[in-house]
Every structure is written in structure tokens, then in C-alpha cells.
Amino acid sequence: MRQVVIITGASDGIGAELARQMAQVEGAKLALVLAARGADKLEQVAKQCRESGAEVLVRPTDVGQEDACRGLIADTVGRFGRIDTLVNNAGMSAHALLEDVKDMAWYEQLMRINLWGSAWCTHAALPHLKAARGRIVVVSSLAGLVGVPGRTAYSATKFAMTGFFEALRVELLPHGVSVTLTYPGVVATEIRYRGFNAQGQAAGQSGLDERGAMSIEECARLIRVGAEKRHREVVMSAKGKLARWMKLVAPGLVDKLALAALNQDVHPH
């Protein structure tokens with residue numbers, strides 16, 4: 001029987017690479033459901049996964065819409081009859097100093113995509129995941145563990161994801177469903193360039209120092225292995241692990257390090 005895996009945000013970046021790696025490892029034992037807004041890009045990823053032997057359903061989905069999320073789950077069950085793993089990867093970035101934001105409407109939109117998209121998909125998939133004693137995988141961010149200046153909106157969505165899925169993990173313990181929270185740092189993707197700026201438009205640049213960014217391939221590998229082993233969490237990079245520990249023992253120093261991680265062009269005025 002094929003393992004049925006849903007990956008949101010699968011058209012490029014981490015989601016696409018995760019799909020390719022899973023297909024390469026599992027081959028014909030895998031049924032992938034690839035979800036994102038861009039159908040053309042999804043088809044390209046699907047072709048690569050099919051070449052590795054996986055069965056693939058392409059399901060264009062805007063996770064910022066509840067009906068789309070619930071439709072994704074319904075179509076998956078209609079096609080395959082089960083769900084073994086749900087990877088909540090779809091998300092959007094943002095970088096803006098709060099003082100530069102005039103209209104906070106895009107904060108709400110970011111929360112719909114990053115938090116509610118994951119919550120809606122998970123809620124709809126829950127009975128099927130419980131039946132399969134399956135896995136929930138969440139792609140959060142180190143900005144969901146340590147507040148980053150200029151990322152009030154983004155950190156808020158990622159901290160919210162952490163709270164939601166940590167609580168859900170305990171609820172699901174009696175049902176054998178694992179919840180793996182993953183916390184990438186700076187990864188070499190385009191997400192920060194497409195994220196919101198203070199005006200709620202595509203930033204066109206990164207607000208972070210990109211030197212030493214983790215490769216997409218390594219990030220996806222860490223997520224894949226963490227999910228396979230049902231780890232509680234995967235905190236990526238030595239800096240991320242150190243920052244989490246230092247937040248408890250030297251929080252003032254962590255604040256200074258977070259400020260130093262910014263691109264010099266976007267430091268607070």
C-alpha cells in the first residue's frame with residue numbers, strides 16, 4: 001500500500017525539494033499530493049517525482065482560503081482513501097519595522113496563510129491521520145522561537161504555529177499521531193524576496209544577512225529525516241540551537257545577536 005503524503009507549498013523551494021527527495025527515497029511506495037497556488041510549477045515538480053516512481057496528484061490550493069484547504073483534504077481522500085502524512089509547508093515571509101507600517105491589513109493576511117492555512121488543513125485531515133496513526137510535519141522558522149527585529153508580523157505567525165502544534169501534539173498522543181515541528185533558519189530560497197514589505201507589497205530583497213544560508217537540499221533532508229523518525233522538533237543549524245538555549249540564560253545577548261543578523265539596509269532607524 002502506498003504511503004499518502006500531502007505537501008503544501010510544493011511548487012518550489014523547500015516543499016518542491018522535499019517532494020523530490022521523498023519520491024527518490026520511496027519510489028513506487030509513495031503517493032504524493034502536491035498543493036500550491038501555481039499549477040504550472042506544481043506540474044513540473046510532479047513530473048520529476050513521477051520519474052522516480054511516485055504517484056502524484058497535483059491539487060492547486062490557496063491555503064489562505066479555508067474552503068481550498070478543506071477541498072485539498074477531501075480530494076486527497078477521494079483519490080487515495082487515506083492520509084499518512086501532512087506536511088504544512090506553505091507560508092509567506094515579511095520584513096518591516098512596525099513604525100514603517102501604515103496599514104496592518106497585510107498582517108492579517110500573513111496570519112491566514114502561515115497559521116490558518118496549516119490549522120485548516122490539519123483540522124480537516126485529523127480523522128484520517130488518526131485512522132492511519134500518521135504524521136503531521138510543520139515547517140516553522142527560527143523566527144518562531146526567537147523574535148527577530150523587523151519581523152513582528154512573521155514572528156507572530158510562526159510563534160502562533162508553535163503554540164498551536166505543541167498543544168495539538170499532546171492531544172494526539174493517545175492516537176499515535178506524531179507532530180514534528182521544524183525550525184529552519186536562513187535557507188537559500190526566494191521566500192524573503194517575495195514576502196511583504198511595510199506597504200504589504202513584494203519586498204524584492206531580503207531583510208536578513210544571506211551569507212552562510214543553508215541549502216534547500218539540506219533543509220529538506222533534515223525535515224524528511226525528522227518526519228521519518230517522528231522527532232518532536234528539528235532545530236536547524238548550530239546558531240539556531242545556541243540561540244534557543246541562550247534565550248533562557250542570556251536573553252539580552254540574544255536580542256543583540258538578532259539585531260546583528262539583519263541586513264544593514266533594514267536596521268531600525
Side-chain angles (χ1 to χ4, degrees), residues 5 7-25 34-38 41-42 44-45 48 63 87-96 110 113-115 117-118 137-151 153-162 165 180-197 202-228 231 233-244 254 257-258 260-263 265-266:
V5 178
I7 304 176
T8 66
S11 59
D12 60 9
I14 295 169
E17 177 60 22
L18 181 60
R20 288 189 292 263
Q21 288 191 18
M22 285 185 165
Q24 289 164 5
V25 171
L34 305 182
R37 289 179 296 177
K41 287 186 175 181
L42 283 175
Q44 293 174 18
V45 179
Q48 295 168 327
V63 298
V87 181
N88 289 301
N89 169 70
M92 191 167 182
S93 186
H95 201 112
L110 192 72
I113 296 168
N114 290 2
L115 171 66
S118 296
V137 182
V138 184
V139 181
S140 182
S141 167
L142 289 181
L145 293 175
V146 178
V148 179
R151 312 206 85 188
Y154 186 68
S155 283
T157 66
K158 294 300 184 177
F159 268 81
M161 288 176 72
T162 296
F165 285 102
T180 299
L181 276 154
T182 70
Y183 298 99
V186 180
V187 180
T189 72
E190 296 294 315
I191 186 171
R192 289 169 295 282
Y193 296 85
R194 296 195 296 260
F196 289 125
N197 62 13
Q205 65 174 340
S206 173
L208 299 178
D209 186 343
E210 299 280 333
R211 292 173 298 179
M214 177 179 286
S215 71
I216 296 172
E217 292 80 7
E218 177 63 7
C219 179
R221 187 191 69 81
L222 290 170
I223 294 169
R224 177 176 56 80
V225 172
E228 288 173 357
H231 287 167
E233 60 186 22
V234 179
V235 181
M236 298 185 194
S237 81
K239 285 184 179 179
K241 295 172 183 176
L242 181 61
R244 189 178 197 188
V254 172
L257 291 173
L262 291 181
N263 182 317
D265 294 336
V266 293

**OP:** For Ser11, enumerate each residue passing the side chain to side chain contact (heavy atoms under 4.5 Å, CB included) test, keeping only those at least two apart in sequence or located in another chain.
**Re:** Ala36, Lys41, Leu42

Subject >> Heavy-atom closest contact (Ser155 atom, Gly147 atom, distance) >> reply: OG-CA, 4.0 Å

Original post:
How many angstroms lie between CG in Leu18 and OG1 in Thr182, if you round to the nearest 0.5 Å?
Top reply: 9.0 Å

**OP:** Compare all side-chain heavy atoms of Pro184 with those of Met214 and state whether any distance is below 4.5 angstrom.
**Re:** no

**OP:** Output all residues satisfying side chain to side chain contact (heavy atoms under 4.5 Å, CB included) with Ile113, sequence neighbours left out; order by chain, then residue number.
**Re:** Val63, Met92, Gln109

Original post:
Under a 4.5 Å cut-off applied to non-hydrogen side-chain atoms, are Leu181 and Val235 in contact?
Top reply: no

Original post:
How long is the gap from CG on Leu115 to OG1 on Thr162, to the nearest 0.5 Å?
Top reply: 10.0 Å

**OP:** Quick one: pull up CD in Glu17 and CD1 in Ile223 and give me the separation to the nearest 0.5 Å.
**Re:** 10.0 Å

Subject >> Note, Ser140 side chain near Phe165 side chain (heavy atom, < 4.5 Å) >> reply: no

**OP:** Find the distance between CD (Glu217) and CG (Leu222) and round it off to the nearest 0.5 Å.
**Re:** 12.0 Å

Original post:
When you measure from the side chain of Thr180 to the backbone N and O of His231, does any donor-acceptor pair fall under 3.5 Å?
Top reply: yes

Original post:
Shortest non-hydrogen contact from Ser141 to Lys158?
Top reply: CB-CG, 4.0 Å

Subject >> Close side-chain approach of Tyr154 and Val148, heavy atoms under 4.5 Å >> reply: no

**OP:** Give a yes or no on whether the backbone of Ala94 and the side-chain of Arg151 come within a donor-acceptor separation of less than 3.5 Å.
**Re:** yes

Original post:
Short question: side chain of Thr8, backbone of Asn89 - any donor-acceptor pair under 3.5 Å?
Top reply: yes

Original post:
Can you list the residues that meet the side chain to side chain contact (heavy atoms under 4.5 Å, CB included) rule with Ala19, with sequence neighbours excluded?
Top reply: Ile7, Leu32, Leu34, Val45, Cys49

